[in-house]
Amino acid sequence: MPSTSHEKVEFLKSLKPENVEPLWTVMSAMVPPVPMPKAVPTVWDYKKLRPLLVESGRLVPAEESERRVLMLINPALKAPQTTDTLYAGLQYINTGEVAPAHRHSAFALRFIIEGEGGYTAVEGQRIYMNRGDVILTPRWEWHDHGKEGDGPMIWLDGLDLPLFQAIPVNFAEHYHDDCYPAETVAESNIKFPWKATQEHLDSVKDDYAVFNYTRESGAPLSSILTAQAERVNAGKSSEWRQENSSFVYHVYEGTGYTVIKEDNGEDTVLKWDGKDTFCVPAWKKFKLVNGGAESAYLFSFNDSPLLKSLEIHRAKQA
Ligand code: 1HN
């Protein structure tokens, strides 16, 4: 005989004081038939964000903001989530300012958007930044940023912060001085100049090319995050892609759109222009389309190293 609902309600009530809960009411949500990221596809429009960054530079003194950053927060999530697993922010520094030295367990990568005369000093190496460069901040290495010359410098930060919501072991140490002692270096194994990246992409005789950033050993950029650059020629598109890592994309240059095929069969279209940033949540089937007259170049970072080391990475040519 099936139990009456009154009995069931009483039964469920009796569980709470014993700190137990029924699995059968939540099991399908915990073990769904497909990956269920909470993030939604989103574009951050640089034309709208740049004036806000400039305003933050006017209103928020460097001394009051260890890092002057506008975080790119997914509308379906909370800080620090740009996607479920990735954090991105736009950092702004003015001439003469210093973002003081600290180090932390989280890994950071930076993609330089605009400006000249800015540097990041990482564990003693002062590295000047130019548009399109990728510069790494490995875990627990001292880093401070500074700006010489005229005008501001703006870059995209990518960090593995969302993971530390689930595993709250990230922490920071502050150096006793603004700057950790550093020497200027022209080249570094943690700097990937844009010129070399574009040369790799342009050496591929195809309308679409991809370049995987790696450390000298061939390993991904970090144990959690790594990055790619892609070229899509005018009027062309990438293949469809579907992966259970998520992606934060930044448009180095070009105009186009990303088509995301939703589970209900409908398409979400994210339109982008040079310097815009957008995200693709995990397991979304997507392709990049160049809608402009010139080649489009895009940078992106993702959490595939984390998923691969956990042996749960999935990718399919969708
Ligand atoms: C950080 O250290 C930087 O060093 C940027 O530039 C953004 C976001 C959260 C935590 C640490 C930086 C950050 C950050």
Side-chain angles (χ1 to χ4, degrees), residues 44 49 52-53 56-57 60-74 77-115 117-131 133-148 152-182 188 190-192 221-225 227 248 250 277 279 299 301 303 306:
W44 286 269
L49 295 184
L52 300 178
L53 287 164
S56 74
V60 184
E63 311 80 63
E64 281 177 24
S65 59
E66 186 166 348
R67 297 292 186 265
R68 193 191 289 112
V69 173
L70 293 181
M71 300 188 289
L72 308 182
I73 301 308
N74 196 280
L77 296 166
K78 289 193 293 204
Q81 289 173 295
T82 307
T83 69
D84 295 76
T85 50
L86 306 174
Y87 160 93
L90 295 176
Q91 184 157 173
Y92 183 91
I93 187 166
N94 260 326
T95 294
E97 291 178 341
V98 172
H102 68 194
R103 59 181 181 177
H104 39 66
S105 341
F107 165 88
L109 55 79
R110 314 185 195 282
F111 185 84
I112 313 309
I113 301 175
E114 63 165 279
Y119 64 82
T120 180
V122 183
E123 201 73 12
Q125 298 185 62
R126 189 181 302 107
I127 301 170
Y128 281 85
M129 306 186 276
N130 290 294
R131 173 165 154 71
D133 294 349
V134 172
I135 302 171
L136 311 183
T137 304
R139 302 184 194 291
W140 209 246
E141 295 200 358
W142 291 109
H143 55 286
D144 48 85
H145 318 302
K147 178 71 184 67
E148 299 155 6
M153 190 108 206
I154 303 174
W155 64 83
L156 177 79
D157 289 318
L159 282 89
D160 49 14
L161 293 173
L163 182 76
F164 294 108
Q165 301 287 302
I167 309 173
V169 296
N170 178 32
F171 69 111
E173 193 178 344
H174 295 87
Y175 195 61
H176 59 78
D177 218 342
D178 269 357
C179 300
Y180 185 79
S188 167
I190 53 166
K191 174 179 178 169
F192 302 81
L221 296 183
S222 79
S223 56
I224 296 178
L225 304 183
V248 170
H250 179 81
T277 304
C279 73
F299 167 80
F301 64 95
D303 56 315
L306 169 70

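Index from 1, following the sequence. Atom set for the values below is all heavy atoms of this structure, side chains included, hydrogens, waters and symmetry mates excluded. In each ligand, atom 1 is the first atom listed, and ligand 1 is the first ligand listed. Only a predicted model underlies this, so the values are computations on that prediction, with no experimental measurement involved.
- For the salt bridge (Lys or Arg N to Asp or Glu O under 4.0 Å) test, residues two or more places apart in sequence or in another chain that qualify with Asp133 are Lys191.
- For Glu173, the salt bridge (Lys or Arg N to Asp or Glu O under 4.0 Å) partners two or more places apart in sequence, or in a different chain, are Arg103.
- Remark: the backbone N or O of Val60 is not paired with any side-chain donor or acceptor of Ser65 at under 3.5 angstrom.
- Side chain of His143 to backbone of His102: a donor-acceptor contact under 3.5 angstrom is found.
- Using a 4.5 Å cut-off on side-chain heavy atoms (C-beta onward), Tyr87 and Val248 make no contact.
- Under the salt bridge (Lys or Arg N to Asp or Glu O under 4.0 Å) criterion, Asp157 pairs with Arg110, sequence neighbours left out.
- Contacts of ligand 1 (protein heavy-atom distance under 4.0 Å) are Arg67, Tyr87, Gln91, His102, His104, Arg110, His143, His145, Asp157, Leu159, Leu161.
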